[in-house]
Protein chains: 2
Amino acid sequence: MSGPLRLTVDKASPVPLYHQVAQGLEDAIRSGELPPGTKLDNEIDLANRLNLSRPTMRKAMDQLVQAGLLVRKRGVGTQVVGSQVRRSLELTSLHDDLQRTGGKPATEVRDLARLPAGDEIAALLGVQPGEEVYHVVRLRTTDGEPLALMENWVPCSICELSREQLAQDGLYSIMRAQGVGFQLAHQRVGAVGADAFQAEQLGVEPGAALVAMSRTAMDDLGRPVETGRHVYRADKYSFEFTLVQR
Amino acid sequence: MSGPLRLTVDKASPVPLYHQVAQGLEDAIRSGELPPGTKLDNEIDLANRLNLSRPTMRKAMDQLVQAGLLVRKRGVGTQVVGSQVRRSLELTSLHDDLQRTGGKPATEVRDLARLPAGDEIAALLGVQPGEEVYHVVRLRTTDGEPLALMENWVPCSICELSREQLAQDGLYSIMRAQGVGFQLAHQRVGAVGADAFQAEQLGVEPGAALVAMSRTAMDDLGRPVETGRHVYRADKYSFEFTLVQR
DNA sequence: AAGTGGTCTAGACCACGCG
DNA sequence: GCGTGGTCTAGACCACTTC
């Protein structure tokens, strides 16, 4: 591909240039304008054509390599990954994981309580055992079908939670609106057989396989602000991601 | 932390400077020399102290931010993430995922055959239906305990496989030794109830929850070179990873 | 106002793959 | 040998946070 590749950047925009370029390239790839296997022009030409410096151009391409859309090879060039399986699984969203499934999501609050943290939860949240934490249990449904049972703990010192908000807004939205700046999260994904309560809530047989996820999220100072354990119906949910060789 | 932080770089080494710095910082963090919550000096001072340019210093720190070890905040500074849960789960290894569990891993080859690709496998591998592919079934054990049942497909045109090699070396090692350069992989992780064969092989009850993983790996030209479906005993295996807000 | 990270530039040299 | 990506430099200006 040495063709035109209509792509423009707005140097006056507050959006970083490398981000504009990355977005434009990603759109071109996902739209099929740059089909799988297409060879891109070299970095310097591309940079010149957009009136950018090479480091800026490279930073844009770095993002797409990281996302698994481009493949670079020294001495050869850069190509669009040759596969249909590309999909959009960046793993970067710290928002609720369920947005992308389509359908009509709804959340029912099964429990909301303030209670003293047990040893395990206290350790995960980096607070003293006995310090008050919120305990939240929610059932997530799409189109009326149960999808996930979510149990979360949040230190009461960090924000305020109410049933009304939780039914509407998602835990992360509520916390973010109160000034909690999420930065990173550690996750563990496995499988577990449904216990009686989980089976009843999710509408499956006891012992049925469920996807189990534990997560601890941290704010911009690197301190834990939320931890949770979710179980998902295995027939309706799985985690997807892209690994990149570094 | 404005202390010395003994950290040196070797400008003559073939190892990139930013990688040396990232490695040194990571070691200092994991060893406890830089405890959770420690505030680092600013980027310019650090760069000067190591006789590096700021972009190089930043690139090193970028890696650790990406790995979830550091947290940056504009106008404030950079800190070591405040949590014990840090762990070493970069998700970067395209090697077999099982190395890190310790124990004595062993692999038994349950099947190795050349057969024409079905529609689904052909689509995943980007070959014509009916083209010959290897079908590999292996059982992975640690300390004699079954851990995973692995089923893989590889186009015969890409490399040669034998039972002897497979019992010894791991699929990826064999393929890499024959010039296949892995670059990225798409993975999907979920849960599934064990069928009769899986239950027998893994030593669990039929219907027991298993961790299910599907993966398609691609070479440096972005073409699929391997696809597989693995099931793991849920009590012995889970996937861990770190999400970073971008 | 001062200090921090976020972005960007315009060069440079090197290592690698290929013809 | 040539073209490619990989690395590195020495600056610059801006946006944001804190005091």
Side-chain angles (χ1 to χ4, degrees), chain A residues 1-2 9-23 25 38-66 69-81 179 181 183 219-222 244-246, chain B residues 1-2 9-23 25 38-66 70-81 179-181 183 219-222 244-246:
Chain A
M1 166 56 99
S2 30
V9 294
D10 173 11
K11 294 212 179 194
S13 162
V15 177
L17 297 178
Y18 69 85
H19 191 267
Q20 293 182 43
V21 176
Q23 199 64 52
L25 273 175
T38 306
K39 182 163 184 292
L40 265 52
D41 288 339
N42 70 60
E43 299 173 344
I44 299 184
D45 287 353
L46 285 173
N48 289 340
R49 196 176 311 166
L50 295 173
N51 289 309
L52 298 174
S53 67
R54 186 184 166 205
T56 301
M57 190 65 214
R58 257 186 82 77
K59 184 159 184 177
M61 299 173 74
D62 279 341
Q63 292 202 349
L64 298 188
V65 170
Q66 202 59 28
L69 293 174
L70 291 182
V71 174
R72 282 195 285 224
K73 211 173 172 187
R74 163 148 42 173
V76 180
T78 305
Q79 298 187 26
V80 178
V81 157
Q183 197 70 16
D219 67 7
D220 31 28
L221 274 64
V244 179
Q245 183 79 319
R246 284 209 275 198
Chain B
M1 165 56 98
S2 29
V9 293
D10 173 11
K11 295 214 177 190
S13 161
V15 177
L17 298 178
Y18 68 83
H19 191 268
Q20 293 183 42
V21 175
Q23 200 63 53
L25 273 176
T38 305
K39 183 165 183 290
L40 265 53
D41 288 340
N42 70 62
E43 298 173 345
I44 300 184
D45 285 354
L46 285 173
N48 288 340
R49 197 176 311 166
L50 295 173
N51 289 308
L52 298 174
S53 67
R54 187 184 166 204
T56 300
M57 190 66 214
R58 258 186 82 78
K59 185 159 184 178
M61 299 173 74
D62 280 341
Q63 292 202 348
L64 299 188
V65 170
Q66 203 59 29
L70 290 181
V71 173
R72 281 196 285 225
K73 210 174 173 187
R74 163 145 44 171
V76 179
T78 304
Q79 298 187 24
V80 178
V81 157
V180 179
Q183 197 69 15
D219 68 6
D220 30 28
L221 274 65
V244 180
Q245 182 79 324
R246 285 210 273 199

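For clarity, every value in this text was computed on a predicted model and none was experimentally measured. Note on naming: letters A, B, ... go to the chains in the order of the sequence lines (proteins, then strands), and numbering restarts at 1 for each one.
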Picking from D:dC8, D:dG11, C:dG6, the nucleotide nearest the side-chain atoms of B:Pro55 would be D:dG11
Taken to the nearest whole Å, CG/A:Asp62 to P/D:dG5 is 12 Å
Of A:Pro16 and B:Arg74, the one whose nearest nucleotide on DNA chain C sits closer to the 5' end is B:Arg74
Q. Less than 3.5 Å between a donor and an acceptor, one on the side chain of B:Arg54 and one on the base of C:dG6, is that the case here?
A. yes
With a cut-off of less than 4.0 Å, is there a side-chain N or O of B:Lys59 near OP1 or OP2 of D:dT7? yes
**OP:** Kindly indicate whether the side chain of B:Arg72, heavy atoms from C-beta on, has any atom under 4.5 Å from the side chain of B:Arg58.
**Re:** yes
Practice prompt. Scan A:Pro14 against the nucleic acid and name what it touches under 4.0 Å (heavy atoms): base, sugar-phosphate only, or nothing.
Written response: nothing
message = Can you tell me if B:Lys11 touches the phosphate of D:dT9, counting only side-chain N or O atoms and a distance under 4.0 Å to OP1 or OP2?
response = yes
If the cut-off is 4.0 Å, is A:Thr78 near the phosphate of D:dG5, judged by side-chain N/O to OP1 or OP2? yes
Among the nucleotides C:dA15, C:dC18, D:dC8, whichever has the atom closest to the side chain of A:Val76 is C:dC18
Close side-chain approach of A:Gln23 to A:Val15, heavy-atom, < 4.5 Å: no
Rounded to whole Å, the CG-C1' distance (B:Asn42 to D:dC16) equals 15 Å
note: A:Leu46, atom CG; D:dG3, atom P; distance rounded to Å ~ 17 Å
Taking only the side-chain nitrogens and oxygens of A:Tyr18, find out if one of them lies under 4.0 Å from OP1 or OP2 of C:dT7.
yes
Nearest heavy-atom contact between B:Gln79 and A:Leu221 is OE1-O, 3.9 Å
(Q) What I'd like to find out is whether the side chain of B:Leu40 reaches to under 4.5 Å of the side chain of B:Leu70, using heavy atoms alone. (A) yes
Of the candidates C:dT9, D:dG6, D:dT9, the side chain of B:Leu52 sits closest to D:dT9
Taken to the nearest whole Å, CE/B:Met57 to C1'/D:dG11 is 18 Å
Q | Touch class at under 4.0 angstrom, heavy-atom based, for B:Asp45 against every strand present | A | nothing
Here the distance between atom P of C:dC18 and atom CG of B:Asp220, to the nearest Å, is 9 Å
Rounded to whole Å, CG of B:Asn48 lies from P of D:dT9 at a distance of 11 Å
Rounded to whole Å, the CD1-P distance (B:Ile44 to C:dT4) equals 8 Å
In whole angstroms, the gap separating P of D:dG3 from CD of A:Glu43 amounts to 16 Å
- Task: Check whether any side-chain nitrogen or oxygen of A:Thr56 sits under 4.0 Å from OP1 or OP2 of C:dT7, and answer yes or no.
- Result: no
Quick one: does any side-chain atom of A:Gln20 pair with a main-chain N or O of A:Asp10 as donor and acceptor, under 3.5 Å?
yes
